[in-house]
Amino acid sequence: MRNRLSTITDFEQHLNLTQDEISGFKAAVGKLSVSVTPYFFNLIDKNNPNCPIRRQVVPLGDESYVHPEEMTDPVGEEETMPVPGIVHRYPDRVLFLTTDRCASYCRYCTRSRMVSNAQGYGFSPSLFAGLEYIRKNKSIRDVLLSGGDPLLLSDDKLRKLLTSLSEINHVEFVRIGTRIPIFLPQRINDSLLDALSSHPNLWMSIHVNHPAECTIELKDACAKLVNSGIPLGNQSVLLKGINDNTACMQQLIHRLLMMKVRPYYLYQCDLVQGSSHLRAKVKTGIQIISELRGKTTGYAIPQFVIDAPKGGGKVPINPNYIQEWNQSEIIFKNFEGDLFSYPN
Ligand SMILES: *Cc1c(COP(=O)(O)O)cnc(C)c1O
């Protein structure tokens, strides 16, 4: 973490920044800090300005362009925050934001209003108040720890947090949303695994976008987590010029299965300010899913979702298989486009 590349000078020592990227560093000020771990930085193909790793973490001048439909809080989290850090949108589960820090900052971050504190949000959640809220609301059976990246909390803090959650009887299921295995796989060490064992039913959602992120280091980190009994899912964001084609997505999800990671969600990129240059079309996502279905392992196919603006929640967006639905039958097409019918 101490050796992260954060300033334009840090980057220029190792990379020929383009004019567009130099403008990007200016655009990032007051929006979302730039920071990349040496490990992740070393995955960049230095001869390719369009390198999919580079484009995720090195800003472009386009970040200063705000499309009229973009927002600072694109999925309306602030409206359903009963206490700072708790987003209670669904009846049975909460999102628990535990920190505003990440190991590296993704340029399309949906929570860039608070993450890295570049916009002066001053996020300082009380883990105590969050736990109190969960304790009092017996309908909460699922807690999703996120941030920022919860695996940047100290082992001791994580142990206390997970132990407290394990002592709340109505909480059946806890998961951590993290990009640490991708940005800082060295963090997945024995003492962290020991802290994570403080909860008996902990799952983890990691965030891999491109097959180039599937390194030996990530594979080893996933193996450690899986061997400690933590089931792994992956969430990807559909990103223009990074992973928005079927061949890339297919390679990614196959590599994920080989690391015992179940592809969970593929997100349409949220309407966060300054992200339009990275946003692929919804139609592209549907196309990719339809090209995967039937042609690869069902386990490998993520659910494509739009996290609806203004707090509507995650909505599955699928290719349209149903052609007709009448009194007597449903007529639908299969993965090859042939029509079939099933009695109604
Ligand atoms: C994504 C999210 C969840 C978890 O949703 P799942 O569909 O169960 O993965 C819960 N709360 C909020 C606010 C979320 O954004």
Side-chain angles (χ1 to χ4, degrees), residues 1-67 70-74 99-123 147-149 151-152 178-187 207-210 212-213 215 217-218 237 239-244 269-280:
M1 287 295 283
R2 254 199 308 276
N3 291 318
R4 289 186 300 174
L5 296 89
S6 300
T7 65
I8 200 162
T9 325
D10 295 340
F11 282 83
E12 276 176 331
Q13 280 169 13
H14 305 278
L15 202 60
N16 285 323
L17 291 178
T18 63
Q19 218 43 52
D20 197 355
E21 287 170 328
I22 291 167
S23 313
F25 276 85
K26 295 196 187 95
V29 175
K31 181 190 170 278
L32 176 70
S33 300
V34 178
S35 221
V36 184
T37 56
Y39 161 81
F40 197 71
F41 179 83
N42 281 327
L43 301 181
I44 291 177
D45 171 0
K46 295 188 170 123
N47 300 315
N48 177 13
N50 299 320
C51 166
I53 300 287
R54 182 167 177 162
R55 290 282 58 84
Q56 289 182 58
V57 291
V58 182
L60 291 180
D62 284 339
E63 284 190 18
S64 65
Y65 171 70
V66 176
H67 189 278
E70 291 177 340
M71 295 162 265
T72 51
D73 178 16
T99 169
D100 63 356
R101 298 296 130 148
C102 285
S104 303
Y105 294 113
C106 311
R107 304 321 302 167
Y108 50 87
C109 178
T110 197
R111 233 162 264 136
S112 51
R113 69 184 183 282
M114 63 166 70
V115 163
S116 87
N117 202 33
Q119 302 186 17
Y121 184 99
F123 184 61
D149 203 313
L151 294 189
L152 286 185
T178 177
R179 223 179 167 188
I180 284 291
I182 291 89
F183 285 144
L184 195 65
Q186 300 85 348
R187 174 77 181 96
H207 172 21
V208 187
N209 287 323
H210 189 275
E213 293 159 54
T215 61
E217 288 83 357
L218 176 60
V237 179
L239 294 166
K240 189 160 101 186
I242 293 179
N243 60 9
D244 60 339
C269 185
D270 291 331
L271 293 164
V272 69
Q273 290 188 338
S275 65
S276 58
H277 59 297
L278 293 173
R279 198 170 314 116

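Just so it is clear, the model here is predicted, and its values are computed rather than measured.
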Inset, instruction - Describe, in one word, how the ring planes of His67 and Tyr65 are oriented to each other, choosing from parallel (under 30°), tilted (30 to 60°) and perpendicular (over 60°). - result: perpendicular
Inset, instruction - Please indicate whether Gln19 has more than 12 foreign heavy atoms, meaning atoms of other residues, nucleotides or ligands, lying under 6.0 Å from its CD. - result: no
Legend entry - Spatial distance of atom CD (Gln273) from atom CG (Asp73) [nearest 0.5 Å]: 10.5 Å
Inset, instruction - Output, in order, the C-alpha distance, side-chain angles, deciding distance and verdict of salt bridge (Lys or Arg N to Asp or Glu O under 4.0 Å) for Glu63 and Lys26. - result: CA-CA 9 Å; Glu63 284 190 18; Lys26 295 196 187 95; over 6 Å; no
Inset, instruction - Measure the OG-CZ distance between Ser6 and Phe25 for me, rounded to the nearest 0.5 Å. - result: 9.0 Å
Legend entry - Backbone of Asn209 reached by a side-chain donor or acceptor of Asn243 within 3.5 Å: yes
Inset, instruction - Working to the nearest 0.5 Å, report the span between OH of Tyr108 and CZ of Arg55. - result: 13.0 Å
Inset, instruction - Look only at the side chain of Thr37 and the backbone of Phe183, and say whether a donor-acceptor pair between them is shorter than 3.5 Å. - result: yes
Legend entry - Reference residue Phe40; test side chain to side chain contact (heavy atoms under 4.5 Å, CB included); the match among Ile53, Leu184, Thr215: Ile53
Legend entry - Heavy-atom check, side chain of Asp270 versus side chain of Glu70, under 4.5 Å: no
Inset, instruction - Would you indicate whether Asn16, at its atom CG, is surrounded by more than 12 heavy atoms from other residues, nucleotides or ligands within a distance under 6.0 Å? - result: no
Inset, instruction - Would you indicate whether the side-chain heavy atoms of Phe41 and Val57 approach each other to under 4.5 Å? - result: no
Legend entry - Gap separating the CG atom of Leu60 from the CG atom of Leu278, nearest 0.5 angstrom: 7.0 Å
Legend entry - CA sep, side-chain torsions, deciding dist, call: Asp10, Thr7, side-chain hydrogen bond (donor to acceptor under 3.5 Å, both in side chains): CA-CA 5 Å; Asp10 295 340; Thr7 65; 3.2 Å; yes
Legend entry - Spatial distance of atom CE (Met71) from atom OG1 (Thr110) [nearest 0.5 Å]: 9.0 Å
Legend entry - Heavy-atom side-chain contact between Leu32 and Arg107 under 4.5 Å: yes
Legend entry - Leu239 vs His210 side-chain heavy atoms within contact, under 4.5 Å: no
Inset, instruction - For the residue pair Tyr39 and Pro185, establish whether any side-chain heavy-atom pair is separated by less than 4.5 Å. - result: yes
Legend entry - Nearest non-hydrogen partners of Leu43 and Glu213, listed with the distance: CD1-CA, 4.5 Å
Legend entry - Validation row: Arg113, Val272 side chains within 4.5 angstrom (heavy atoms): no
Inset, instruction - Answer yes or no: is there a side-chain heavy-atom contact under 4.5 Å between Arg187 and Leu152? - result: no
Inset, instruction - Report yes if the side chains of Ser104 and Arg179 come closer than 4.5 Å at any heavy-atom pair, otherwise no. - result: no
Inset, instruction - Search all heavy atoms of Asp149 against all heavy atoms of Thr99 and return the closest pair with its distance. - result: O-CG2, 3.4 Å
